[in-house]
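Note sheet for the following structure.
Remember, it's 1-based here, ligands and their atoms both numbered in the order they're listed. Every heavy atom of this structure was used, including side-chain atoms; hydrogens, water molecules and symmetry mates were not. Bear in mind the structure is a predicted one, so any value in this text is a computation, not a measurement.
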Amino acid sequence: MSDRDTLFSAPIERLGDWTFDERVAEVFPDMIQRSVPGYSNIISMIGMLAERFVRPDSRVYDLGCSLGAATLSVRRNIHHPGCEIIAVDNSPAMVERCRRHIDAFRAETPVQVIEDDIRSVDISNASLVVLNFTLQFLDPAERLQLLEKIYRGLNPGGALVLSEKFSFDDQKTGELLFDMHHDFKRANGYSELEISQKRSMLENVMLTDSVTTHKSRLAQAGFRHAELWFQCFNFGSLVALK
Ligand SMILES: C[S@@+](CC[C@H](N)C(=O)[O-])C[C@H]1O[C@@H](n2cnc3c(N)ncnc32)[C@H](O)[C@@H]1O
Ligand SMILES: O=C(O)C(=O)C[C@]1(C(=O)O)C=C[C@@H](O)C=C1
């Protein structure tokens with residue numbers, strides 16, 4: 001079990017922008033579990049999607065892998081020879097811990113953990129690509145280009161899993177889902193101060209899209225089939241098929 005996230009429990013004088021630094025990496029499992037409704041369901045169901053989509057002699061990409069939770073779930077569910085998982089993150093603190101975490105478990109399928117920007121990595125021979133709460137940290141202007149690269153790198157019959165925090169076009173239901181997420185955080189022991197300090201740090205670096213925007217961007221990138229397979233409040237996950 002990781003340390004409890006108390007990073008924002010005391011008042012912080014100058015709130016900078018959010019980064020995935022050493023302190024965040026240290027408490028990340030606790031933080032994401034208490035912040036993202038449905039996170040553990042999504043992680044275990046990514047394993048189910050891997051069982052269905054990963055083909056022999058192909059690659060799986062986990063883009064913005066953090067500590068490798070999705071990678072481990074995928075690896076547990078690969079039963080084919082010749083597969084390889086490429087896990088990528090540009091936070092040195094995450095990558096260092098991710099490598100240790102993955103090495104702690106034995107499995108047939110090799111995992112390469114790469115410290116790099118997901119905008120620079122080559123993607124080829126992929127049967128599954130995972131973007132689990134990562135696309136939201138990319139500049140909106142660069143999101144389509146990344147999805148196009150993923151589409152090109154996927155083999156026919158391959159899938160992209162795209163999990164995100166959403167915004168909503170309808171103001172009234174949007175507010176309700178946003179408030180329910182806050183209730184969820186409070187129920188998980190976060191104070192008003194912790195919630196609001198984290199929110200303002202994320203404000204400039206995490207720009208959310210609506211499900212409609214995600215679907216039309218996926219279509220623009222080439223994915224002719226995309227659907228939401230999970231949603232809890234303002235968090236959810238889409239699957240897009242090539
Ligand atoms: C919310 S976390 C992802 C959680 C993780 N996928 C999981 O399932 O536990 C977002 C991650 O994306 C990484 N990230 C953000 N922008 C990136 C980029 N341009 N290139 C590589 N990694 C990036 C961050 O360092 C962070 O570890
Ligand atoms: O805590 C929040 O409100 C969030 O937006 C959650 C969120 C995410 O969606 O990625 C933001 C940053 C942390 O990496 C963990 C979770």
Could you check atom 25 (O) of ligand 1 against the protein and tell me its nearest heavy-atom contact, residue, atom and distance included? Asp89 OD1, 2.6 Å
What protein heavy atom sits nearest atom 2 (S) of ligand 1, and how far off is it? Ser66 OG, 3.2 Å
Where is the tightest heavy-atom contact between Ile114 and Val95, given as atom of each residue plus distance? O-CG2, 4.2 Å
Donor-acceptor under 3.5 Å (Glu26 side chain, Asp3 main chain): no
Give a yes/no verdict on a cation-pi contact between Lys185 and Tyr190, requiring under 6.0 Å between NZ or CZ and the six-membered ring centre and an angle within 45° of the axis. yes
With Lys242 as the cation and Tyr151 as the aromatic partner, state whether NZ or CZ is under 6.0 Å from the six-membered ring centre and within 45° of the axis. yes
Determine whether more than 12 heavy atoms belonging to other residues, nucleotides or ligands lie under 6.0 Å from atom CD of Glu142. yes
Ring centroid separation Phe137 to Phe20 under 6.0 Å: yes
When you look at Asn155 and Asn125, which way does the side-chain hydrogen bond (donor to acceptor under 3.5 Å, both in side chains) test go after all the steps? CA-CA 6 Å; Asn155 295 331; Asn125 187 27; 2.8 Å; yes
Heavy atoms only: which of Val130, Asn132, Ile32 is nearest to atom 8 (O) of ligand 1? Asn132
Looking only at heavy atoms, the pair that brings Val111 and Ala87 closest together is CG1-CB, 4.4 Å
Provide the number and element of each atom of ligand 1 under 4.0 Å from a heavy atom of Leu138. 19 (N)
For Thr173, is there any backbone N or O sitting under 3.5 Å from a side-chain donor or acceptor partner on Asp170? yes
Checking a contact table here: which protein heavy atom is nearest atom 5 (C) of ligand 1, and how many Å away? Gly64 O, 3.5 Å
Looking at atom 19 (N) of ligand 1, what's its closest protein heavy atom, distance included? Asp117 OD1, 3.2 Å
Heavy-atom proximity to atom 16 (N) of ligand 1 ranks first, among Phe133, Phe20, Tyr39, Phe137, for Phe137
Counting from 1, what ligand 1 atoms have a heavy atom of Ser91 closer than 4.0 Å? 25 (O)
Compute the minimum heavy-atom distance from Ile43 to ligand 1 and say whether it is under 4.0 Å. yes
Given 3.5 Å as the limit, does a donor-acceptor pair link the side chain of Tyr39 with the main chain of Ile32, or not? no
What does the 4.0 Å heavy-atom contact list look like for ligand 2? Trp18, Phe20, Phe28, Ser35, Val36, Gln136, Phe137, Lys165, His181, Lys185, Lys198, Leu202, Met206, Phe235
Per atom 22 (N) of ligand 1, closest listed option by heavy atom (Asn90, Leu146, Asp139): Asn90
Is it the case that the side chains of Glu84 and Thr109 hold a donor-acceptor pair, with the cut-off being a distance below 3.5 Å and no angle test? no
Regarding ligand 1, does Gln136 bring an N or O atom to under 3.5 Å of one of the ligand's N or O atoms? no
Could you check whether any side-chain N or O of Arg186 sits under 3.5 Å from a backbone N or O of Ile195, counting only pairs where one atom can act as donor and the other as acceptor? no
Looking at ligand 1, would Asp116 count as a contact under a 4.0 Å heavy-atom criterion? yes
closest protein heavy atom to atom 20 (N) of ligand 1 is Ile118 N, 2.9 Å
